[in-house]
Amino acid sequence: MKQELTQLISAALGTLQGAGVLPADVEPRINIERTRDKSHGDLASNIALTLAKAAGMPPRDLAARICDALPASDLVRQTEIAGPGFINFFLSEATSQAVVQKILAQGEQFGRSNSGEGKRLQVEFVSANPTGPLHVGHGRGAAVGDSLCRLLRAAGWDVDSEFYYNDAGAQIDNLALSVQARCKGMTPEDAAWPEDGYRGDYIVDVAKSYMAQETVDAEDQHVDGAGDADDLEAIRRFAVAYLRREQDQDLKAFGVDFDLYFLESSLYSSGAVEATVERLVSQGHTYEKDGALWLRTTDFGDDKDRVMRKSDGKYTYFLPDVAYHKNKWERGFGRVINEQGADHHSTVTRVRAGLQALGENIPEGWPDYVLHQMVTVMRDGEEVKISKRAGSYLTLRDLIDEVGRDATRYFLVARAPTSQLTFDIDLALSQSNDNPVYYIQYAHARTCSVFRKLAEEGGAWNREQALEQLGALTEEHEKAILKRLDQYPEVVANAARDLEPHTIATYLRELAGDFHTWYNAHKMLVDDAALRDARLALSEAVRQVLANGLDLLGVSAPEQM
RNA sequence: GCGCCCAUAGCUCAGCUGGAUAGAGCAACGGCCUUCUAAGCCGUCGGUCCCAGGUUCAAAUCCUGGUGGGCGCGCCA
């Protein structure tokens with residue numbers, strides 16, 4: 001629609017340039033936007049405002065000249081010059097109503113596009129250490145990351161989702177020591193308790209399971225508990241598998257899965273870490289100091305250099321990170337999006353710097369990042385501290401059990417990632433029926449219930465026939481819905497372009513509101529067959545778009561509530 | 001001290017590449033179920049868009065400088 005109007009305006013401007021009203025050398029950027037107020041028509045352009053200076057005439061006068069020069073079109077019913085010089089376009093009824101036909105014809109495909117052109121793209125998200133259960137912050141990452149995947153697929157990208165498992169390194173050593181301490185009956189109060197050990201109760205569960213020689217079946221790991229408190233290596237393998245299994249179960253309950261779980265340990269066993277070190281050394285960006293091996297990341301915009309290999313010979317997390325992203329690049333992902341908590345934002349510069357230091361022509365801004373701000377959890381009016389090493393712990397699983405999967409996902413994805421989020425458990429619980437997700441789902445269920453009612457009454461509805469009757473949709477509420485529906489593909493495209501899934505949530509809230517208003521004001525199953533058919537067609541179109549949008553958020557669209 | 005993010009109604013937050021009287025939910029108050037699900041609808045109340053400059057025909061939106069908050073600045077991840 002915008003395209004067609006752009007062409008009309010472009011033609012008009014051409015005419016005016018030919019007539020000498022506009023200088024021939026201006027290259028106008030035609031901007032068309034949807035109006036907020038229906039008295040301003042359906043679409044509006046500010047073109048006269050932007051060109052007034054070049055034309056040397058007042059904006060409203062120029063707007064009039066443009067309107068006069070617009071080619072005739074049956075898309076537009078009326079144009080108006082308003083305010084300081086906007087040109088408002090009122091679309092013809094048939095043009096507005098055509099969206100219903102389009103939605104019913106395209107079904108689940110409505111709103112999808114091919115701007116990604118089938119190119120490969122990877123989204124990495126959650127990537128929690130297997131050192132404890134997933135908490136609310138991981139939940140936000142999971143909700144946003146999974147929605148990004150769905151959104152980018154809808155925009156025509158060939159998306160792979162990936163979870164990076166840090167199953168190597170110091171944190172895992174710490175985990176193994178903590179579990180071992182529990183196996184030996186120690187508590188965090190004991191003097192011999194490992195420094196910075198994980199104190200959470202779940203460590204006790206792991207230890208008990210290990211000592212009882214239970215078997216853990218995780219994604220691709222099958223580990224038997226050895227029951228030997230002195231075998232640290234066996235404890236390590238068992239604990240990692242155990243916690244991985246827990247996380248997998250939580251994510252499954254959350255409706256999130258991954259195409260690939262990438263193990264950090266595999267970078268060591270495959271030799272990728274060593275190869276990366278050698279490459280960096282040979283590129284001349286490294287030096288030794290204080291017994292450690294450093295990478296001169298300051299050459300690539302970092303504010304200080306980084307240690308790659310510690311004086312004890314072990315690598316920091318930084319090096320596997322570089323090796324991992326090198327691996328991603330080699331797998332052919334021209335575009336990679338890392339969804340992470342903002343507390344890790346310092347890795348952005350570092351990883352990119354490391355990749356530049358490889359000298360392998362990886363683009364400077366690669367990979368992309370979406371950083372979500374912190375989630376604060378409130379319970380009984382007080383902040384719940386989330387720390388794996390402390391005792392109190394609110395897991396993602398707790399949240400799913402308490403407020404439900406759909407509500408949790410919606411709540412965590414409905415806000416801009418850049419915005420800090422307060423998750424008030426009492427509110428989520430006590431007012432769960434006021435959660436916006438139910439408002440949207442209820443609208444979907446209502447569209448379905450109308451058709452159920454129709455069937456109960458022995459009525460029938462023929463789609464093709466109904467589409468002939470769209471001219472009957474003349475109520476203001478119906479026009480508002482038509483306009484909203486028409487907006488959907490653009491909302492999806494913009495959300496994918498800007499990596500902002502929350503805008504889908506906002507849109508769905510508005511569409512659901514339009515529908516509820518209409519539903520309350522007018523009966524659909526009226527005696528007038530033409531009107532009834534038309535309203536049912538509109539209702540079905542709303543249902544389809546709600547379902548499509550909810551799917552992008554990973555939230556279910558129930559037919560009944 | 002340096003870097004990243006944020007500041008909009010009492011609370012939680014939207015506000016698309018700058019656009020025409022700044023929006024929603026919750027909270028408060030008043031209405032609407034013999035009619036397709038009242039998890040709904042309609043109405044009222046409620047805002048110096050943190051402050052000060054600047055750019056522009058036009059700034060909540062862009063720029064600069066402040067103020068306030070979150071996060072980060074490890075041979076942790």
Check: Salt bridge check: are D302(A) and R306(A) linked by an N-O gap of less than 4.0 Å?
Finding: yes
Next item on the list: Please list all pairs passing the salt bridge (Lys or Arg N to Asp or Glu O under 4.0 Å) test where one or both residues lie in residues 435-463 of chain A, with sequence neighbours left out.
Entry: none
Notebook entry, point to check: Within the pair R446(A) and A38(B), is there a side-chain N or O less than 4.0 Å away from OP1 or OP2?
Noted result: yes
Margin query: Once you measure the plane-to-plane angle for Y519(A) and F515(A), does it fall in the parallel (<30°), tilted (30-60°) or perpendicular (>60°) bin?
Written below: tilted
Next item on the list: Could you check which of C36(B), C42(B), C71(B) has an atom nearest any side-chain atom of S449(A)?
Entry: C36(B)
Next item on the list: Indicate the ring-plane relationship of F451(A) and W461(A), choosing parallel, tilted or perpendicular according to the 30° and 60° boundaries.
Entry: perpendicular
Check: Would E478(A) and R535(A) pass as an ion pair if we require N to O under 4.0 Å?
Finding: yes
Check: Is D303(A) touching bases, backbone alone, or none of the nucleic acid, heavy atoms closer than 4.0 Å?
Finding: nothing
Item checked: Contacts of type salt bridge (charged side-chain N to carboxylate O under 4.0 Å, His left out), residue E500(A), not counting sequence neighbours -> none
Margin query: I'd like the P distance from U61(B) over to A22(B), given in whole Å.
Written below: 14 Å
Next item on the list: Would you kindly check whether a donor in the side chain of H344(A) faces an acceptor in the base of G72(B), or vice versa, at under 3.5 angstrom?
Entry: no
Check: Salt bridge between K328(A) and E162(A), side-chain N to carboxylate O under 4.0 Å?
Finding: no
Throw together a table of side-chain donor-acceptor distances under 3.5 angstrom for residues 285-294 of chain A, partners on residues two or more places apart or in other chains.
from: Y287(A); atom 1: OH; to: D305(A); atom 2: OD2; distance (Å): 2.7
from: W294(A); atom 1: NE1; to: K289(A); atom 2: O; distance (Å): 3.2

Margin query: Both atom distances under 3.5 Å, Watson-Crick or G-U wobble: I'd like the secondary structure of RNA chain B as a dot-bracket string, with | for pairs made across strands.
Written below: (((((((..((((.....[...)))).(((((.......))))).....(((((..]....))))))))))))....
Margin query: Is it the case that the side chains of Q171(A) and N166(A) hold a donor-acceptor pair, with the cut-off being a distance below 3.5 Å and no angle test?
Written below: no
Contact list (N/O, under 3.5 angstrom) for nucleotides 5-11 of chain B vs protein:
from: C5(B); atom 1: O2'; to: Q373(A); atom 2: NE2; distance (Å): 3.2
from: C5(B); atom 1: O2'; to: T418(A); atom 2: O; distance (Å): 2.8

Next item on the list: Mark this stacking check for H40(A) against A20(B) as yes or no, applying ring centres under 5.5 Å and ring planes under 30°.
Entry: yes
Next item on the list: Output the residues of residues 494-501 of chain A in contact with RNA chain B, where contact means a heavy atom of the residue under 4.0 Å from an atom of the strand; sort by number or write none.
Entry: N494(A), R497(A)
Next item on the list: Please state whether the base of A77(B) and the side chain of Y317(A) form at least one donor-acceptor pair under 3.5 Å?
Entry: yes
Notebook entry, point to check: Can any side-chain N or O of H516(A) pair as donor or acceptor with the backbone N or O of Y439(A) at less than 3.5 Å?
Noted result: yes
Note to self: For R350(A), is there an ion pair with D321(A) - N to carboxylate O distance below 4.0 angstrom?
What the structure shows: no
Notebook entry, point to check: When we call it a touch if two heavy atoms are under 4.0 Å apart, what does A44(A) touch: a base, just sugar-phosphate, or nothing?
Noted result: base
Margin query: So, using salt bridge (charged side-chain N to carboxylate O under 4.0 Å, His left out) as the criterion, who are the partners of E339(A) when residues are at least two apart?
Written below: none
Checklist line | Side-chain N,O (K314(A)) to OP1/OP2 (C76(B)) below 4.0 Å | finding: no
Check: Would you say the base of C16(B) and the side-chain of T503(A) have a donor-acceptor pair closer than 3.5 Å?
Finding: no
Would you list the protein and nucleotides 30-35 of chain B atom pairs, both N or O, that sit under 3.5 Å from each other?
from: U35(B); atom 1: O2'; to: K523(A); atom 2: NZ; distance (Å): 2.8

Next item on the list: Ignoring hydrogens and angles, answer whether the base of A77(B) and the side-chain atoms of N174(A) contain a donor-acceptor pair closer than 3.5 Å.
Entry: no
Next item on the list: May I ask you to say what T422(A) touches in the nucleic acid, namely base, sugar-phosphate or nothing, with a heavy-atom cut-off under 4.0 Å?
Entry: sugar-phosphate
Next item on the list: Using the test salt bridge (charged side-chain N to carboxylate O under 4.0 Å, His left out), find all partners of K479(A) that sit at least two apart in sequence or belong to another chain.
Entry: E476(A)
Check: So what does R350(A) hit on the nucleic acid, given a heavy-atom distance under 4.0 Å: a base, only sugar-phosphate, or nothing?
Finding: base
Next item on the list: Keeping to residues at least two apart or across chains, list the salt bridge (Lys or Arg N to Asp or Glu O under 4.0 Å) pairs with something in residues 501-519 of chain A.
Entry: R484(A)-E510(A), R484(A)-D514(A)
Check: Which residues pass the salt bridge (charged side-chain N to carboxylate O under 4.0 Å, His left out) test with R543(A), sequence neighbours left out?
Finding: E540(A)
Margin query: At a heavy-atom distance below 4.0 Å, what parts of residues 49-59 of chain A sit against RNA chain B?
Written below: L49(A), T50(A), K53(A)
